[in-house]
Amino acid sequence: MLDGGIPRGNTVLISGSCGTGKTTLSLEYLVRGAQVHERGLFLSVTEASHKIQQNLATFDFFDKRLVDDGTLTFIDVPVLYEKLGLSKQEMTTEDIDLFVGAVARLASDLKVQRLVMDSITSVCYRIRHEEEIRDLILKLGKSLSDISCTTLLVSEIGPQENRYSLYGVEEAIADGVILLGNVQRRGDLLRTLKIIKMRGTTHSRAQYVLDLTPLGVLLAPYLKGGRGWEAA
Amino acid sequence: MPNVAPGEIAERLRALPEGSGVAMKLGATDYAGNYLQFLAATLRDFGMEANAYTIYVSVTNPCILVNSLLASLEIPSDRVFFVDVISQTMMSSLTKLPNASYVESPTMLENVMLRVEYFLRKNTATRRIVIIDSVNSLAIHNDPAILSEFFHIMVNNLKSRGITTVILAVAEETNPELENLLSFVCDDTIQLGVAETEPKGA
C-alpha cells in the first residue's frame, strides 16, 4: 500500500473518530519497529501509559521485554508538561518552543527512530491560534525529521467530518495522512482505512476494511459490489 | 457432469495442484448423507493425509454443529479452525468454540476474508485448505455483484498462495448466476449425489 512503508523522517497524521483503531495501528507501528531494533517512543497525552501497555499486552505481537530493555519507551505527556512548568491551560509561542524542544531532546537522547504522539489534537486544545498549531507541527516535524525519526501524530476527528484534523491545518503540514473511519453498508458498520497522502512514495488510493486482531491490524479490500454503496 | 463415488473425492482432491479452486456440488436429495460423505472425504481422508490445516467458513450451519459432525466422524478438531458467519445472526445463546472466530453477519464479507487471513497467519503449515459452506447460503444474504467480487478476490488471493479452496454448493439450488460465478473462480467441479436433472433457473 505504501510501496515499502512510510518514508523515514516523515510526519504522518493518523486521523479518525473514536474506536476506529488509531491507537492500535500506531502502537503496532512502534512494536514492529522495535522488533527490528528501531527504538520507539510513545507519548501519551490523554490516557495513562500503563493502561495503554496493559491493552497492548493482549496482542500476540507485543513482547514486554521490548519495554524492559528500553527499545520501547512510554511517557505520559502531562508529566512532561509538569516538568517543563507548562501547567497553564493555554500554551504560548514560548511554551510551544519549550515543548517541541523537550520532545526533540527526548527523541534524540533515547535514539528513537519511531515516535507516536497520541493525540496531537489534545496538545492542540491548549493552543489558541491556528498559526501556532501550524508552528508546533512544523517545528516538531522538522526537529524529529532532522534526527531521522518517523512520527505518527494521532488526530481525533468527529465521526462524519469531511476533514482529517480538528483544526484543518495539521493535514496541510504533515507529510502523510492515513484516515481511519467507519463505513456503513446495509446497516453493517465496517472499520476502514485509506491513505490520503504520503510524500516521498507512491501509495494506494483504495479503501480497505480493517480488523483489529490479536495478530495486529489486518486489511482486506473494501467490496463495492459493482455499485456505489456509500458511507452513511 | 457425472457424479463421483464418495471414495473418489479424496483422490480427485489429491490430483489437483495446490492452490486450486474446487466447486463441490452436493445433491439436494439426501443432502445430509452427501454432506457427511464430503466431510469425511475432505477433512479426514484428504486433509489428514495431506497433514493440512482446514479453515472452515460456516454459513449454512453454526460451527458448533459442524464440529460435532466432525467428532462423530472421528476427525480431530485440532487442525480445523472455523470462521462462523451465522451463529451471531441467529441470536441464539452462543457456546463459543476455542478454535472459532465469529463474524456478526454473512453480509460482512470483508470480515470473512479477514478472519480467514487471521487463521492463515496463525497456522503457517505448508498445506492449508479453506472450505466455504456454502455459496448458496452466502447468496441468501448478499447481492450477486458483491458476492462475485468477494469470491473473485478471496479465491484468487488463496490461489496465489497455493491454498486450496473448496466451495460447497447445493446443486439443485444453484441458479445460472451462481453457476457462472463458480465456473469463473473454480478450476474443477466435483459432483456428489446430484440427480440428473437440469439446474433450477435464475
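Naming convention: chains lettered A, B, ... in sequence-line order (proteins, then strands); numbering from 1 in each chain. FYI, side chains are in, hydrogens and waters are out, and symmetry mates aren't considered; it's all heavy atoms of this structure.
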inquiry  = Do A:Asp60 and B:Lys122 make a side-chain contact, defined as non-hydrogen atoms from C-beta onward lying under 4.5 Å apart?
reply    =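 Yes - at least one pair of side-chain heavy atoms lies under 4.5 Å apart.
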By side-chain contact (heavy atoms from CB on, under 4.5 Å) - contacts of B:Ala23 (at least two apart) =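 By the side-chain contact (heavy atoms from CB on, under 4.5 Å) rule, B:Ala23 matches B:Leu182, B:Cys186, B:Thr189.
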ask   = Can you name the side-chain contact (heavy atoms from CB on, under 4.5 Å) partners of A:Thr121, sequence neighbours left out?
value =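 With sequence neighbours excluded, A:Thr121 shows a side-chain contact (heavy atoms from CB on, under 4.5 Å) to A:Ser119, A:Tyr125, A:Ser155, A:Glu156, A:Leu166, given in chain and number order.
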ask   = Is atom CD of B:Glu11 surrounded by more than 12 heavy atoms (other residues, nucleotides or ligands) closer than 6.0 Å?
value =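 Not buried by this count: 12 neighbours or fewer within 6.0 Å.
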request  = May I ask you to check whether over 12 heavy atoms, not counting those of A:Lys197, lie within 6.0 Å of atom NZ?
outcome  =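 Count over threshold, so yes.
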Part of A:Leu215 within contact of chain B (heavy atom distance under 4.5 Å) =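 Both parts, heavy atoms under 4.5 Å.
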ask   = What's the spacing between A:Leu218 CG and B:Met113 CE if we round to 0.5 Å?
value =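 If we round to the nearest 0.5 Å, A:Leu218:CG and B:Met113:CE are 12.5 Å apart.
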CG on A:Leu223 to CE on B:Met154, rounded to 0.5 Å =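 Here the rounded value is 11.0 Å.
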Using residues 14-22 of chain B as the side-chain source, report each donor-acceptor pair under 3.5 Å to any protein atom, sequence neighbours left out, with the distance given to one decimal.
residue : atom : partner : partner atom : Å
B:Arg14 : NE   : B:Glu49 : OE2          : 2.8
B:Arg14 : NH2  : B:Glu49 : OE1          : 3.2
B:Ser20 : OG   : B:Pro17 : O            : 2.6

ask   = What part of B:Leu114 lies closer than 4.5 angstrom to a heavy atom of chain A: side chain, backbone, both or neither?
value =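 Looking at B:Leu114, backbone and side chain both touch chain A.
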ask   = B:His141 versus chain A, heavy atoms under 4.5 Å apart: side chain, backbone, both or neither?
value =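 Backbone only.
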task = Sort by residue number and list every member of residues 96-108 of chain B having a non-hydrogen atom under 4.5 Å from chain A.
result =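 The list, in residue order, reads B:Ser105, B:Thr107, B:Met108.
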request  = Could you go through the side chain to side chain contact (heavy atoms under 4.5 Å, CB included) check for A:Thr213 and B:Arg121 one step at a time?
outcome  = CA-CA 11 Å; A:Thr213 75; B:Arg121 288 196 188 195; over 6 Å; no
key: Donor-acceptor under 3.5 Å (B:Glu149 side chain, A:Gly225 main chain)   =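 Checking the backbone N and O of A:Gly225 against the side chain of B:Glu149, a donor-acceptor pair under 3.5 Å is found.
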message = Determine whether B:Ile146 and A:Arg185 satisfy the following criterion, side chain to side chain contact (heavy atoms under 4.5 Å, CB included), listing intermediate values before the conclusion.
response = CA-CA 12 Å; B:Ile146 205 164; A:Arg185 187 181 62 213; 3.8 Å; yes
